[in-house]
There are 2 protein chains.
Amino acid sequence: MRPQKIDDAKLIEGLMSVLQSKGFEGASLNDLAKATGLQKASLYHRFPGGKNEIAVMVLEFVYTWIKDNIYLVLTEKGVAPATKLQRAIQHTKELYQNGEKSCILNALSLDSGLVAVGDQISKIMLLWMEAFTALGVEQGFTAAQAKAKARQSLVLVQGSLVLSKGLSDPSHFQKAMVDVKMLFTNE
Amino acid sequence: MRPQKIDDAKLIEGLMSVLQSKGFEGASLNDLAKATGLQKASLYHRFPGGKNEIAVMVLEFVYTWIKDNIYLVLTEKGVAPATKLQRAIQHTKELYQNGEKSCILNALSLDSGLVAVGDQISKIMLLWMEAFTALGVEQGFTAAQAKAKARQSLVLVQGSLVLSKGLSDPSHFQKAMVDVKMLFTNE
DNA sequence: GTCTATAGCTAGATAGAC
DNA sequence: GTCTATCTAGCTATAGAC
């Protein structure tokens with residue numbers, strides 16, 4: 001077998017970057033090929049299902065990323081809640097390059113007739129909220145309070161990214177990260 | 001001249017609906033034609049600049065709508081702030097069909113190389129925040145506080161719409177509307 | 001596993017009849 | 001002002017050499 005020109009991790013990263021900024025319909029195979037350094041036909045070798053499969057694989061990667069960097073961080077035993085929150089927020093900042101990048105869950109939410117993609121998006125959002133709900137409960141909030149805060153944290157992230165993009169000003173995301181911290185700060 | 005098959009208002013409404021749900025790249029001229037009952041060539045007669053001009057005109061309509069239904073409502077003299085807020089929230093619910101529809105500002109935010117569209121989106125977002133800032137100031141908040149609340153109100157709307165879409169659950173938008181009200185409720 | 005070349009189609013956009 | 005018919009470019013996807 002020939003050696004891979006680009007390993008799976010870098011490949012997914014490049015594909016994700018294009019889908020994130022252009023959306024599913026806006027991302028052409030030429031765009032995706034250019035971003036990865038591969039030719040279109042090579043992408044079909046890696047992803048026989050074409051662009052559809054690429055989107056599914058990228059979202060699978062995002063699910064795993066959120067599980068490792070948000071869910072497992074926030075549900076780890078023996079670590080102070082404030083510390084875990086700080087870590088999760090730091091990872092979130094890295095994921096969105098401090099507000100410079102928009103969210104792929106949002107970018108792939110537009111109607112494109114792909115049921116699988118919609119299911120993945122909701123799975124990821126639910127995982128995020130589950131993680132922050134667990135944090136809130138650990139902090140002593142009631143289940144209902146924790147669930148509300150978890151929802152608000154996701155609203156803050158998604159909404160602020162929309163503003164940062166629409167106004168070309170990442171400070172909206174940065175301010176929202178402060179608000180997320182406040183949400184889970186017991187005073 | 002032949003009579004218009006569809007008047008400008010209904011035309012823009014139909015075009016907006018498609019752009020809102022499919023985005024700029026996802027909305028084909030066939031989609032737009034079908035939604036309006038016109039043929040593609042007829043759309044080009046109404047909008048010689050093609051899809052690009054359609055998007056610009058739709059966003060111009062949205063700007064006017066926000067001005068009339070949010071900005072002018074919130075800055076009207078001689079009406080109690082709480083009343084004005086209630087009205088603006090009601091209009092917002094109508095605009096997004098209580099969380100069933102997503103925001104066209106978000107849908108058209110994906111990179112498509114259209115500078116004019118980006119400028120319009122930021123103009124509309126700024127108008128929204130200006131309106132809510134005025135409300136906050138009238139209620140006695142400091143300028144900085146009012147500005148922060150205005151930003152948060154837009155974050156709540158945009159973020160909750162992303163959740164409502166991603167989770168196929170408009171209740172997230174509805175809860176956010178309650179949060180917006182709380183934001184500007186002096187207790 | 002990657003590539004060039006190309007098939008087959010649909011997109012956006014235009015011409016011209018009525 | 002709306003329509004049918006059509007052009008060209010770009011798209012997704014495939015075939016087959018290396």
Side-chain angles (χ1 to χ4, degrees), chain A residues 1-59 61 107-108 110-117, chain B residues 1-59 104 107-108 110-117:
Chain A
M1 307 286 180
R2 266 207 192 179
Q4 281 189 342
K5 204 175 169 186
I6 179 173
D7 64 71
D8 284 10
K10 291 271 176 202
L11 181 57
I12 290 283
E13 201 174 331
L15 297 169
M16 180 166 80
S17 173
V18 177
L19 288 173
Q20 202 164 24
S21 59
K22 298 200 169 195
F24 186 80
E25 307 286 350
S28 73
L29 282 172
N30 275 321
D31 293 332
L32 296 167
K34 203 163 289 180
T36 56
L38 289 177
Q39 294 299 323
K40 283 184 282 183
S42 303
L43 283 177
Y44 276 96
H45 177 79
R46 301 278 200 106
F47 307 97
K51 203 162 76 160
N52 200 328
E53 184 178 342
I54 288 176
V56 168
M57 290 304 178
V58 165
L59 284 175
F61 169 82
L108 295 183
L110 294 174
D111 290 353
S112 51
L114 306 177
V115 182
V117 164
Chain B
M1 305 286 179
R2 267 207 191 178
Q4 281 190 341
K5 204 174 169 185
I6 179 173
D7 64 71
D8 283 10
K10 291 270 176 203
L11 181 57
I12 290 283
E13 200 175 332
L15 297 169
M16 180 166 81
S17 173
V18 177
L19 287 173
Q20 200 164 25
S21 59
K22 298 200 167 193
F24 186 80
E25 307 286 350
S28 73
L29 282 173
N30 276 321
D31 294 331
L32 296 168
K34 203 164 290 180
T36 56
L38 290 177
Q39 294 300 322
K40 281 186 283 183
S42 303
L43 283 178
Y44 275 94
H45 178 78
R46 300 278 200 107
F47 307 96
K51 203 162 76 160
N52 199 328
E53 184 178 343
I54 288 176
V56 168
M57 290 303 179
V58 165
L59 284 175
I104 193 167
L108 296 183
L110 294 174
D111 290 352
S112 52
L114 307 177
V115 182
V117 165

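Everything quoted here is computed from the prediction, not taken from an experiment.
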How close or far is atom P of dC11(D) from atom CD of Gln39(A), stated in whole angstroms?
14 Å

Could you check which of dC3(C), dC3(D), dA13(D) has an atom nearest any side-chain atom of Leu29(A)?
dA13(D)

May I have the distance from Lys5(B) (atom NZ) to dT4(D) (atom C1'), rounded to whole angstrom?
13 Å

Starting at CD of Glu25(B) and ending at P of dA11(C), how long is that distance when rounded to a whole Å?
13 Å

Output a table of donor-acceptor pairs, distance under 3.5 Å, between side-chain atoms of residues 51-59 of chain A and any protein atom two or more places apart or on a different chain; print 'none' if there are none.
from     : atom 1 : to       : atom 2 : distance (Å)
Lys51(A) : NZ     : Phe24(A) : O      : 2.8
Lys51(A) : NZ     : Ala27(A) : O      : 2.8
Glu53(A) : OE1    : Gly49(A) : N      : 2.5

Under 4.0 angstrom, heavy atoms only, what part of the nucleic acid is Lys40(A) near: base, sugar-phosphate, or nothing?
base

On the nucleotide dT2(D), are OP1 or OP2 found under 4.0 Å from the side-chain N or O atoms that Gln4(B) carries?
no

Tell me if a side-chain donor or acceptor on Ser21(A) pairs with a main-chain N or O of Ser17(A) at a distance below 3.5 Å.
yes

At under 4.0 Å, does any side-chain N or O of Ser42(A) touch on OP1 or OP2 of dC3(C)?
yes

Look at all strands and tell whether Ala27(A) reaches a base, only sugar-phosphate, or nothing, counting heavy atoms closer than 4.0 Å.
sugar-phosphate

Between Phe47(A) (CZ) and dG1(C) (P), how many Å, whole number?
12 Å

Rounded interatomic separation in angstrom, taking CD from Glu53(B) and P from dT14(C):
12 Å

Would the distance check show the side chain of Ser42(B) and the main-chain N or O of Leu38(B) forming a donor-acceptor pair, the cut-off being under 3.5 Å?
no

Under 4.0 Å from OP1 or OP2 of dA11(C): is there any side-chain N or O of Asn30(B) that close?
yes

Give a yes/no answer on whether the side chain of Tyr44(A) brings an N or O atom under 4.0 Å of OP1 or OP2 in dA13(D).
yes

Using a heavy-atom cut-off of under 4.0 Å over every strand shown, decide if Ser28(A) touches base, sugar-phosphate, or nothing.
sugar-phosphate

Among dC3(D), dG1(C), dT4(C), the nucleotide that comes nearest once only the side chain of Ala41(A) is considered
dT4(C)

Rounded to whole Å, how long is the line connecting atom CZ of Arg46(B) with atom C1' of dC3(D)?
14 Å

Measure CZ/Phe24(B) against P/dG12(C) and give the value in whole Å, please.
8 Å

With a 4.5 Å cut-off on side-chain heavy atoms, are Leu110(A) and Lys22(B) touching?
no

Give a yes/no answer on whether the side chain of His45(B) brings an N or O atom under 4.0 Å of OP1 or OP2 in dT2(D).
no

Does Lys51(A) have a side-chain nitrogen or oxygen under 4.0 Å from the phosphate oxygens OP1 or OP2 of dT12(D)?
yes

Please find the pair of heavy atoms, one from Gln4(B) and one from Asp7(B), that lie closest to each other, and give the distance.
OE1-CA, 3.8 Å

